[in-house]
2 protein chains.
Amino acid sequence: MSKDARTAETRRRLMDGAIDTIRAHGISGVSARSIATTAGVNQALIFYHFGSVDELLGTACLTSTKARVEAYRDRFATVSDLRALLNLGRALQQEERAAGNVTVLAQMLAGAQGDPKLAEATRTALDLWVAEIELVLRRILAASPVGELADPAGLARAVAASFIGVELWAAADPQGAEDGLAALEQLAVLAEVVDNLGPVARRALKAKLRGVRQ
Amino acid sequence: MSKDARTAETRRRLMDGAIDTIRAHGISGVSARSIATTAGVNQALIFYHFGSVDELLGTACLTSTKARVEAYRDRFATVSDLRALLNLGRALQQEERAAGNVTVLAQMLAGAQGDPKLAEATRTALDLWVAEIELVLRRILAASPVGELADPAGLARAVAASFIGVELWAAADPQGAEDGLAALEQLAVLAEVVDNLGPVARRALKAKLRGVRQ
DNA sequence: GTCTATAACGAGATAGAC
DNA sequence: GTCTATCTCGTTATAGAC
């Protein structure tokens, strides 16, 4: 194996090890040693390749998030109504429980409290998801009677933050998190009904919304 | 000062110190020494009074959550429609940014990953909030056309988890979190409109909901 | 009940051999 | 580029003086 390939391999192992360690033990279980053990690599190599543990965490988180978002881009692109978005959200939530990117982001976010370096890396990674969600929301809302009331950018952040919260919750109370998601899904039917109103009811709703909005 | 009073005082200082330390530095910045410093108390007293750091965290979290929930009980009781609930939620979110109980719970939840003892304490504390939210939701939903569609227990968990997520988000991206909340608030107007439909539209909606539900 | 001192260990990080 | 060895510091936890 060439030196370059060996370097790349070690860096990859370390990044994977960092992600796996966060998933398994949370941000407070992360250390240079625990990562190195998971990666099957010498501890000192973390500092040689990344300079510090925080730096490794940041790039690992960013790289893995990029990959996950990339993996979903096509599926996001096909979403054009609320029902499809809900289905995708549910699938994403289940698949990410396996791949674990949402959990990792949640843990990074927790570690970001009082650690500006981690905070910035995490913010950048989260923005990757948010940008994707915002695009879809913008598309869907344009065709909906509530479209002129809603703020896609803000909503995208609210959605992402909720995913974070649910994923974090699931670690301590799996059944509770499941019940919460099921309840939301059930309630989202309401939005679908609104979305599928006939033209008359639709106009009436629009008028009412205009009245309510300040 | 009597011995009992002195004991109580020390325990109180340690619990307050634990909460303050979590708020300031996150769960990964918590240690026996950092807590003791914040509390202005000798480090060894943590082990004398609580046995371990985890034990201290658990009881501190539970005690402070009890107090916060208690402080909101009366205000929860007066809520009888969605608009009032939204207002209370917003107030709670802002006041808790100061008192910090939601942040603490979020950090505890993060620390609970792979630490069953913390997980149990956190779950118990969260349930205090959930129970309160569930009561209100049950009351409101009973009077709403979507009431028979919704699951108050599940919804309460979803709401609480979202609060957690937003609060965690706010540490890394304050503006983003604010935008997210504002967008949700705006959209919630939709639910209010549905809630205030006339009797005819209300019956139509109910019929549609029945059709959608599987 | 509270303190000092200390044991036993894990942390981040670096130096230097290979 | 990777390893071993090591430094320095912070960690949990305990023993024992007061």
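Reminder, nothing fancy here: chain letters follow the sequence lines and each chain counts from 1.
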Practice task
State whether a side-chain donor-acceptor pair under 3.5 Å links B:Ser162 with A:Ser162.
Solution key: yes
Practice task
Determine yes or no for a side-chain-to-main-chain donor-acceptor pair under 3.5 angstrom, with B:Gln107 supplying the side chain and A:Ala110 the backbone.
Solution key: yes
Completion exercise
Expected string for nucleotides 3-18 of chain C under the B/S/- scheme (protein heavy atoms, under 4.0 Å, primed atoms plus P, OP1, OP2 as sugar-phosphate) is SB------BBBB----
Exercise for the section: Respond yes when some side-chain nitrogen or oxygen of A:Thr10 is under 4.0 Å from OP1 or OP2 of D:dT2, and no when none is. Expected result: yes
Handout entry: Exercise: do B:Ser34 and B:Thr21 side chains pair donor with acceptor under 3.5 Å
Key = no
Exercise for the section: Round to a whole Å and report the spacing from CG of B:Leu14 to P of D:dA13. Expected result: 14 Å
Practice task
Would you check if A:Leu92 and A:Phe163 make a side-chain contact, meaning some heavy-atom pair closer than 4.5 Å?
Solution key: yes
Practice task
Run the numbers on B:Arg90 and B:Glu178 for salt bridge (Lys or Arg N to Asp or Glu O under 4.0 Å), then give the verdict.
Solution key: CA-CA 11 Å; B:Arg90 192 66 153 140; B:Glu178 186 53 42; 2.7 Å; yes
Completion exercise
When rounded to whole Å, the CG to P distance for the pair B:Asp115 and D:dT12 reads 13 Å
Fill in the blank from the handout: To the nearest angstrom, the CD1-C1' distance between A:Ile46 and D:dT4 comes to 16 Å
Practice task
For A:Asn101 and A:Thr65, test the side chains for any donor-to-acceptor distance below 3.5 angstrom and give the result as yes or no.
Solution key: yes
